[in-house]
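Before any comments, here is the structure.
Keep in mind that the numbers below use all heavy atoms, side chains included, and drop hydrogens, waters and symmetry copies.
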Amino acid sequence: MSFPLLTATAALPAIGAIATAAVPAAQRTVAKWVALLFSLSTLVLAGIVFARFEPGGDRYQLTESRAWIADFGVRYELGVDGIGVALLGLTALLIPFVIAAGWHDADALETKSSRWRPTQGFFALILMVEAMVILSFLATDVFLFYILFEAMLIPMYFLIGGFGDRAHAGSDENAAKQRSYAAVKFLLYNLAGGLIMLAAVIGLYVVAGSFSLTEIAAARANGDLAMATSTERWLFLGFFLAFAIKAPLWPLHTWLPNAMGEATAPVAVLITAIVDKVGTFAMLRFCLGLFPEASKWATPVVIALALVSIVYGALLAVGQRDIKRLIAYASISHFGFIILGIFAMTSQGQSGATLYMVNHGISTAALLLVAGFLITRRGSRLIADYGGVQKVAPVLAGTFLIGGLATLSLPGLAPFVSEFLVLVGTFSAYPVAGIIATTGIVLAALYVLVLYQRTMTGPVNESVRTMPDLKARELAVAVPLIALLLFLGVFPKPLTEVVNPAVQHTMSDVQKKDPQPEVEAAK
């Protein structure tokens with residue numbers, strides 16, 4: 001029996017969560033190192049998965065299948081495709097940076113008399129989220145995916161509500177209420193979507209007689225899957241609604257600014273750079289893969305909603321006074337680009353959307369984590385409380401600028417490639433939508449450059465005059481992320497080689513071909 005590499009990759013952070021939680025209360029530093037070592041070990045296993053994956057091979061590779069709930073046809077079934085392996089790599093890559101950036105985030109909650117161990121709990125919850133997200137990218141059984149999709153909400157709820165940002169205007173009591181509100185809103189929105197999805201999952205089993213993606217695909221190819229058009233559309237809506245909340249897509253997005261604003265910067269990265277990618281990934285794997293006709297039927301409406309997300313998110317980002325809420329609304333705009341690329345249903349658009357998931361994760365992590373270092377120093381999230389930081393902390397300002405330039409998709413940085421592909425793919429199929437989407441680029445330049453100008457340039461604000469520059473641990477977080485943004489900006493081939501064959505499979509599922517350019521005959 002071959003070694004279950006995918007299971008090991010997902011199980012390692014779960015084991016790390018248990019080991020971290022079991023560290024004695026007085027050994028906080030030990031708990032941090034245990035969590036970091038397990039996250040690095042997971043990165044090594046993810047690297048092995050990436051190396052063993054053959055882009056030109058079978059659609060799902062390194063597959064594992066075991067009976068789980070036999071009476072209901074549920075199996076523990078894993079497999080990785082090109083899109084899944086790219087997001088697996090993103091998740092495993094970012095978690096060590098999240099842990100390193102949040103090294104002291106739980107220290108303020110420690111008390112000598114309390115038996116509660118917040119440091120151990122904080123890092124254990126992060127590792128548990130990592131395990132569930134990795135498994136969700138690998139699951140090829142719909143019911144298994146649903147369990148993971150819902151279960152990851154619980155540790156995220158405690159990370160937002162129990163370990164929220166302490167840099168809050170107002171009293172501690174008011175801050176606690178805001179964190180609680182954000183956590184509950186996050187949980188209720190996502191649980192509501194999940195319950196609707198559960199009904200659709202049950203409906204799918206009634207129609208298809210299986211939860212296995214491979215079995216359902218084979219039945220469709222052989223003509224053995226009889227699904228009425230109306231049934232397929234209702235099932236599509238059940239799945240899509242849950243994924244649109246997770247993504248988040250306008251108008252189901254309102255939980256995100258609250259959650260990111262009240263969470264610590266590392267947890268905010270966990271939300272938008274990692275967990276939310278499960279929603280857009282699932283649109284590709286489940287919505288388009290299971291319901292191709294319904295996906296094409298819904299395309300005009302989804303594209304319209306994606307365009308609203310792009311423009312609306314960017315406009316609200318321009319007017320924000322809170323640094324983290326600005327980045328949250330910018331992420332809503334970026335997720336609009338991702339969903340636009342997916343439902344443009346062109347190979348360039350879907351390749352760009354997948355690359356956008358990866359590149360947005362890296363660029364948002366770089367910007368948010370450096371912003372977190374800035375906020376920790378000043379103790380405020382308000383843009384007005386800063387000014388002239390580049391004169392007292394030039395390295396911090398420089399890394400913040402590069403993260404911001406990546407967010408606005410500056411050529412030469414990784415997000416530019418993905419955004420360009422999304423726009424090209426969209427314009428070739430829906431020219432008007434492509435033109436409208438470009439307004440998001442202009443607005444991105446506005447909110448990023450205004451944010452930098454108001455916080456980093458101008459006269460030195462008295463409150464930041466003694467602000468220290470980035471320290472060794474913080475540089476170890478920021479520099480590799482910036483280096484990766486530069487590398488993938490000029491050499492995206494390692495990702496495109498893996499992603500493109502998987503996109504062709506998805507295009508085949510929905511029976512779509514790229515539009516051919518119209519060329520006028522020479523006179």
**OP:** Mind running side chain to side chain contact (heavy atoms under 4.5 Å, CB included) on L213 and L290 for me, showing each step along the way?
**Re:** CA-CA 8 Å; L213 288 178; L290 293 173; 3.6 Å; yes
**OP:** Verify side chain to side chain contact (heavy atoms under 4.5 Å, CB included) between I95 and L270, making sure each step is shown before the conclusion.
**Re:** CA-CA 8 Å; I95 292 297; L270 197 62; 3.5 Å; yes
Subject >> Step-by-step side chain to side chain contact (heavy atoms under 4.5 Å, CB included) determination, L368 to T272 >> reply: CA-CA 10 Å; L368 252 178; T272 190; 4.2 Å; yes
Original post:
Does the side chain of Q390 come under 3.5 Å of the side chain of Y452 through a donor N or O and an acceptor N or O?
Top reply: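 A donor-acceptor contact under 3.5 Å links the two side chains.
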Original post:
Can T407 and Y447 be counted as having a side-chain donor-acceptor contact under 3.5 angstrom?
Top reply: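 There is no such pair between these side chains.
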**OP:** Look at the rings of Y356 and H360 and say which category their plane angle falls in: under 30° parallel, 30 to 60° tilted, over 60° perpendicular.
**Re:**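 The arrangement is tilted - the two ring planes meet at 30° to 60°.
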Minimal non-hydrogen separation, [X] against [Y], with atom names:
X    : Y    : result
G434 : L423 : O-CD2, 4.0 Å
V302 : F343 : CG1-CD1, 3.5 Å
F186 : Y157 : CE2-N, 4.1 Å
A328 : L256 : O-CD2, 3.8 Å
A273 : L94  : CB-CD1, 3.8 Å
A182 : N258 : CB-O, 3.4 Å

Subject >> Pair E474 + R377, salt bridge at N-O below 4.0 Å >> reply: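 Here E474 pairs with R377 in a salt bridge, since their nearest N and O are under 4.0 Å apart.
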Subject >> Pairing of E462 and R465 as salt bridge, 4.0 angstrom limit >> reply: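 Salt bridge: yes.
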Subject >> side-chain hydrogen bond (donor to acceptor under 3.5 Å, both in side chains) involving D81 - partner list, sequence neighbours excluded >> reply: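 For D81, the residues satisfying side-chain hydrogen bond (donor to acceptor under 3.5 Å, both in side chains) (neighbours in sequence not counted) are R285.
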Taking C-beta and beyond as the side chain, do [X] and [Y] meet within less than 4.5 Å on heavy atoms?
X    : Y    : result
N190 : F149 : no
F400 : L451 : yes
T280 : L284 : no
L374 : I323 : yes
I332 : F335 : no
F373 : T399 : no
V267 : F163 : no
L484 : L93  : yes

Treating [X] as the side-chain partner and [Y] as the backbone partner, does any N or O pair qualify as donor plus acceptor under 3.5 Å?
X    : Y    : result
E150 : Y146 : no
T426 : A344 : no
S508 : Q504 : no
E232 : A294 : yes
K246 : K277 : no
E262 : A183 : no
N461 : G388 : no
R381 : G261 : yes
Y386 : S380 : yes
S351 : Q348 : no

To the nearest 0.5 Å, what is the distance between [atom1] on [X] and [atom2] on [Y]?
X    : Y    : atom1 : atom2 : answer
S331 : L326 : OG    : CG    : 10.0 Å
F122 : L159 : CZ    : CG    : 6.5 Å
L382 : T455 : CG    : OG1   : 12.5 Å
M152 : I134 : CE    : CD1   : 10.5 Å
D276 : M260 : CG    : CE    : 8.5 Å
D385 : D322 : CG    : CG    : 10.5 Å

So for atom [atom1], which belongs to [X], do other residues, nucleotides or ligands contribute more than 12 heavy atoms lying within a distance under 6.0 Å?
X    : atom1 : answer
F427 : CZ    : no
R233 : CZ    : yes
R473 : CZ    : yes
W234 : CH2   : no

Run the side-chain donor-acceptor check on residues 303-310: report pairs under 3.5 Å with partners two or more places apart or on a different chain.
residue	atom	partner	partner atom	Å
S309	OG	W250	N	2.9
S309	OG	L305	O	3.3

**OP:** Just do the side chain to side chain contact (heavy atoms under 4.5 Å, CB included) check on M345 and L288 with the steps written out, would you?
**Re:** CA-CA 9 Å; M345 294 196 186; L288 273 62; 4.3 Å; yes
Subject >> Pairs where residues 273-299 contributes a residue and the test ring pair (Phe, Tyr, Trp, His ring centres under 6.0 Å) is met, not counting sequence neighbours >> reply: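 Of all non-adjacent pairs touching residues 273-299, those that pass ring pair (Phe, Tyr, Trp, His ring centres under 6.0 Å) are F137-F281, F145-F286, F239-F291.
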